[in-house]
Amino acid sequence: MTAFGFQIDETDLGTSARCGRWTTPHGEVQTPAFMPVGTLATVKGLMPDQLREVGVQMLLGNTYHLALRPGAEVVAELGGLHSFMGWNGPILTDSGGFQVFSLARLTRIDDRQVVFRSHIDGNLFELSPEEAVRIQELLGADCIMCLDECPPHDAPAERLREAVDRTTLWAARSREAQRRDDQALFGIVQGGTDRGLRERSAEGLLRLDFPGYAVGGLSVGEESEAMYRTLDWTVPLLPADRPRYLMGVGRPIDLIEAVLRGIDLFDCVMPTRNGRNAMAFTSTGPMRLRNARFQRDERPLDADCHCPTCRQFSRGYLRHLFVSGEMLGPILLSLHNIAYYQTLLADLRTAIRQNRAREFHAAYLC
Ligand SMILES: [Zn+2]
């Protein structure tokens with residue numbers, strides 16, 4: 001493994017929060033960090049320069065979507081994901097597993113592979129751990145994921161256990177299948193909200209000695225308390241000297257709770273998806289911009305925010321854009337929401353360096 005390194009600079013005294021620097025072939029990431037989701041090699045509506053301006057360090061791309069459209073070979077021919085999407089910072093791709101289990105029509109799964117129908121045209125596809133690695137090597141992200149099985153959160157215990165064992169088996173095969181040495185391959189801990197299964201999963205994956213570990217199977221419909229409890233059990237099982245990535249989470253409070261438990265990396269569609277639906281995260285709580293009370297509101301969205309949206313436009317104007325169906329509305333709100341998440345994580349990093357992570361959490365709740 002070349003060009004990767006993970007350095008922990010500061011550990012909070014009162015919690016398990018830590019502040020670090022993760023070096024990748026496309027630059028350094030200050031952790032804890034939030035990655036906006038660029039599903040189809042684009043963070044919807046936003047240019048790479050705009051993302052950089054509001055503090056984005058690293059992006060996520062979805063293997064399932066890119067493999068179906070335009071196809072990993074096409075991306076590779078066009079120079080790989082970084083060059084294709086005009087983002088020369090670090091990128092992470094997921095394995096496609098989550099979308100296969102949540103979006104596609106699953107037709108068969110066994111230890112060998114999963115067979116599914118595309119949500120676009122119903123065509124039949126097969127995805128094995130080896131194929132997921134091959135696709136991600138063609139895409140060329142800095143960090144790639146092992147194919148895992150993601151059963152629904154209310155699946156029976158026997159089914160969850162089967163998924164844990166299959167995920168471990170697939171992780172070993174993913175490791176074997178990896179050819180490139182300039183991509184960090186992460187294993188994904190599964191096991192729902194069952195402590196024993198999380199331990200079983202972590203134990204199996206730790207033997208494979210991955211350069212980083214992801215926690216999957218959370219934020220899939222379980223209660224927040226169940227998610228936090230699961231992190232309480234799971235994070236301490238993961239090696240302290242490797243990056244820990246909580247997949248697909250979540251709300252700002254979930255990020256803070258998880259950072260306090262020792263998570264370093266996040267991704268979630270929430271800032272962009274909510275932004276497209278006229279919902280803004282602000283320092284005074286969520287705001288629904290379609291609301292009539294904003295019609296003559298000349299104040300910025302969030303007086304504490306320095307993003308281009310808050311610097312230049314009023315709430316009244318933003319409401320007008322949404323009510324009129326103008327495309328600038330979703331663009332401006334997505335940009336602001338991403339800025340909000342980036343500022344939240346930057347403030348958390350400062351709080352950790354000052355041993356104030358607990359106070360930061362308490363202040364956020366008031
Ligand atoms: Zn803003």
Side-chain angles (χ1 to χ4, degrees), residues 29-39 42-60 85-87 89 248-259 265-352 360-361 363-366:
V29 179
Q30 306 273 332
T31 64
F34 178 81
M35 299 176 277
V37 177
T39 301
T42 160
V43 177
K44 293 189 197 309
L46 299 176
M47 302 265 285
D49 286 349
Q50 295 175 299
L51 297 170
R52 219 174 270 291
E53 186 186 347
V54 297
V56 173
Q57 308 178 77
M58 182 166 188
L59 295 179
L60 178 138
M85 67 186 292
W87 172 264
V249 177
R251 299 173 304 156
I253 185 62
D254 297 330
L255 268 58
I256 299 171
E257 294 280 355
V259 164
L265 288 168
F266 300 90
D267 80 283
C268 190
V269 293
M270 204 173 272
T272 40
R273 180 176 290 167
N274 287 11
R276 290 198 299 280
N277 290 308
M279 194 285 223
F281 293 96
T282 76
S283 54
T284 52
M287 217 178 259
R288 301 197 175 278
L289 265 298
R290 284 179 187 277
N291 197 305
R293 72 190 163 101
F294 297 122
Q295 189 176 24
R296 290 186 165 79
D297 195 333
E298 60 192 18
R299 289 172 295 173
L301 195 53
D302 186 344
D304 290 345
C305 179
H306 305 292
C307 85
T309 303
C310 294
R311 284 202 314 263
Q312 297 169 72
F313 306 104
S314 67
R315 295 174 185 179
Y317 177 65
L318 294 169
R319 176 179 184 272
H320 156 73
L321 292 177
F322 277 100
V323 170
S324 314
E326 283 292 332
M327 67 165 106
L328 188 57
I331 291 172
L332 292 179
L333 234 53
S334 297
L335 185 60
H336 162 80
N337 282 348
I338 288 175
Y340 177 88
Y341 270 64
Q342 295 305 326
T343 305
L344 179 76
L345 271 292
D347 290 348
L348 255 170
R349 293 194 292 268
T350 304
I352 296 166
F360 185 93
H361 175 253
Y364 185 85
L365 290 179
C366 331

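We count ligands from 1, going down the list as the structure has it; atoms in each ligand are counted the same way. Positions are given from 1, in the same order as the sequence printed here.
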Arg296 atom CZ, over 12 foreign heavy atoms within 6.0 Å: no
Verify the distance criterion only: is there a donor paired with an acceptor across the side chains of Asp304 and Ser283 at less than 3.5 Å? yes
Is it the case that over 12 heavy atoms from other parts of the model lie below 6.0 angstrom from the CZ atom of Arg52? yes
Just to the nearest 10 degrees, tell me the angle at the Zn ion (ligand 1) spanned by Cys307 SG and Cys305 SG. 110°
Looking at His336, the N/O/S atom that lies nearest to the Zn ion (ligand 1) is called ND1
Does any N, O or S atom of Cys310, backbone or side chain, fall under 2.8 Å from the Zn ion (ligand 1)? yes
In Ile256, Val259, Ile253, the residue satisfying side-chain contact (heavy atoms from CB on, under 4.5 Å) with Leu344 is Ile256
